[in-house]
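Values in this document were obtained by computation on a predicted structure and should not be read as measured data.
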Amino acid sequence: MIPASRIFTVLLMVALGGSSIAWAQSTLIDRIQQSEKSIVTVRTELTRVMPTVPPRTATYYRTAAGIVIDPSGIIVTNTHTIVDAPFVFVILSDGTKLPAQVLYASGEYDFSFLRIHPPYPLYSVQWADSSLIDLGEEIIAVGNSDYDDRSIMSGHVKSILQNRSSLNYDFLELDLDLNHGDSGGPILDSQGRLLGMIMAKRESQSNSSIAIASNKIHQQYLQYKENMP
């Protein structure tokens with residue numbers, strides 16, 4: 001997996017040679033880098049007193065990605081990364097660490113909305129219509145783990161999992177091999193818009209991961225906004 005900065009540099013060098021294809025690819029990288037601004041780190045912290053003499057405290061961390069969906073400070077991430085955590089924090093791209101409040105949590109679909117109070121308006125991701133996705137369609141994921149932080153990974157849609165009652169596209173299976181910490185990261189279309197959010201890696205299969213379709217998240221967010229106090 002190649003960091004986005006290296007890909008962008010190579011495309012820029014080719015583009016300077018006058019290639020229209022490279023120009024289109026460079027434009028795509030620009031869109032992806034814009035969408036990267038909406039990615040934050042979600043960290044949960046748990047501090048325990050260890051039964052030593054003298055007693056010591058130990059703090060345990062769990063990290064994942066989050067995606068800004070409202071510039072005022074609303075973020076979506078996976079429920080499994082924050083469940084039962086006494087303290088949840090969001091770390092912005094400039095290193096600012098802010099306490100987060102859980103606004104909504106879905107266990108069935110494994111996504112939650114967090115609220116922070118940032119010192120400035122945040123860049124929020126644009127939504128894609130995940131109902132229009134086709135099998136084999138190329139997608140782009142942005143890594144957030146310690147191994148592939150902010151690197152760009154390309155893949156394809158292997159299968160689409162529908163809700164039997166509503167026929168909505170709820171989950172996407174992708175041919176991506178993800179790392180710990182990539183949970184909550186964005187799946188983007190060719191315009192850099194949000195098609196889904198990384199949920200889990202299939203341990204039984206290589207190069208297979210599951211993402212929550214963006215429409216499922218977007219619909220719930222619109223309902224939340226409608227009913228918010």
Side-chain angles (χ1 to χ4, degrees), residues 35-52 55-125 141-151 153 170-171 174 176-187 194 196-203 209-214 216-218 220-221 224-225 228-229:
S35 298
E36 275 188 304
K37 296 176 183 178
S38 69
I39 304 173
V40 297
T41 297
V42 176
R43 174 183 288 178
T44 60
E45 298 182 5
L46 172 63
T47 300
R48 289 179 175 170
V49 178
M50 309 301 290
T52 58
R56 289 182 166 185
T57 59
T59 302
Y60 301 89
Y61 302 96
R62 183 168 55 191
T63 61
I67 307 165
V68 178
I69 56 176
D70 189 298
S72 68
I74 298 180
I75 290 151
V76 63
T77 191
N78 290 128
T79 300
H80 76 258
T81 64
I82 62 167
V83 65
D84 296 330
F87 300 103
V88 181
F89 298 91
V90 167
I91 303 172
L92 305 181
S93 57
D94 64 0
T96 301
K97 180 181 175 183
L98 301 168
Q101 171 194 2
V102 180
L103 298 177
Y104 168 87
S106 169
E108 181 182 4
Y109 289 98
D110 195 23
F111 67 86
S112 294
F113 300 141
L114 307 178
R115 157 74 77 183
I116 61 172
H117 297 284
Y120 47 82
L122 303 178
Y123 182 88
S124 58
V125 73
V142 182
N144 191 65
S145 75
D146 293 337
Y147 308 102
D148 60 1
D149 183 37
R150 296 301 191 270
S151 65
M153 300 169 280
D170 285 349
F171 299 100
L174 314 168
L176 290 173
D177 193 17
L178 302 171
N179 293 305
H180 178 73
D182 285 332
S183 291
I187 300 297
L194 187 68
M197 184 179 72
I198 297 168
M199 184 176 76
K201 172 182 176 179
R202 281 191 184 273
E203 297 294 343
S209 301
I210 302 295
I212 307 163
S214 61
K216 188 67 187 176
I217 300 170
H218 195 199
Q220 187 60 55
Y221 173 60
Y224 171 79
K225 283 186 68 177
M228 66 186 295

Task: I69 side, atom CD1; M197 side, atom CE - distance, nearest 0.5 Å - done: 9.0 Å

TODO: Determine yes or no for a side-chain-to-main-chain donor-acceptor pair under 3.5 angstrom, with T79 supplying the side chain and A105 the backbone.
DONE: no

TODO: Look at the aromatic rings of F113 and F111 and report parallel, tilted or perpendicular, splitting at 30° and 60°.
DONE: tilted

TODO: Would you indicate whether the side-chain heavy atoms of E36 and P186 approach each other to under 4.5 Å?
DONE: no

Open item on the list: Rounded at 0.5 Å granularity, tell me how far CZ in R56 sits from CE in M50.
Closed with: 10.0 Å

Task: Worked check of ring pair (Phe, Tyr, Trp, His ring centres under 6.0 Å) between F171 and Y109 - done: CA-CA 9 Å; F171 299 100; Y109 289 98; 5.8 Å; yes

Task: Short side-chain to backbone donor-acceptor contact, N78 and D110, under 3.5 Å - done: yes

- [ ] Taking the side chain as every heavy atom from C-beta outward, state whether I67 and I217 have any atom pair closer than 4.5 Å.
- [x] no

Task: Backbone of G184 reached by a side-chain donor or acceptor of T77 within 3.5 Å - done: no

Open item on the list: Within the supplied structure, the quantity of interest is the number of heavy atoms (other residues, nucleotides, ligands) at a distance under 6.0 Å from F87 CZ; does it exceed 12?
Closed with: no

- [ ] Taking atom NZ of K97 as the centre, report whether more than 12 heavy atoms of other residues, nucleotides or ligands fall under 6.0 Å from it.
- [x] yes

Open item on the list: I'd like to know if the side chain of S183 reaches the main chain of A64, judged simply by a donor and an acceptor atom lying under 3.5 Å from each other, with no hydrogens or angles considered.
Closed with: no

- [ ] Looking only at non-hydrogen atoms, find the nearest pair between L174 and A211 and report the distance.
- [x] CD1-CB, 3.9 Å

- [ ] Report the distance from atom CD1 of I82 to atom OG1 of T44, rounding to the nearest 0.5 Å.
- [x] 9.0 Å

Open item on the list: Testing the basics here: between L176 and A141, what is the closest heavy-atom pair and its distance to 0.1 Å?
Closed with: CD1-CB, 3.7 Å

- [ ] Hey, could you give me the OG1/CD distance between T63 and E45, rounded to the nearest 0.5 Å?
- [x] 11.0 Å

Task: Pairwise distance CG(L98) to CZ(F89) - rounded to 0.5 angstrom - done: 9.5 Å

- [ ] Compare all side-chain heavy atoms of V102 with those of L114 and state whether any distance is below 4.5 angstrom.
- [x] yes

Open item on the list: Nearest 0.5 angstrom please: S38 OG to D70 CG, how far?
Closed with: 12.5 Å

TODO: Give the minimum heavy-atom separation between I187 and I198, together with the two atoms involved.
DONE: CD1-CG1, 3.7 Å

Task: Taking every non-hydrogen atom, the tightest pair across G73 and P118 - done: CA-CD, 4.0 Å

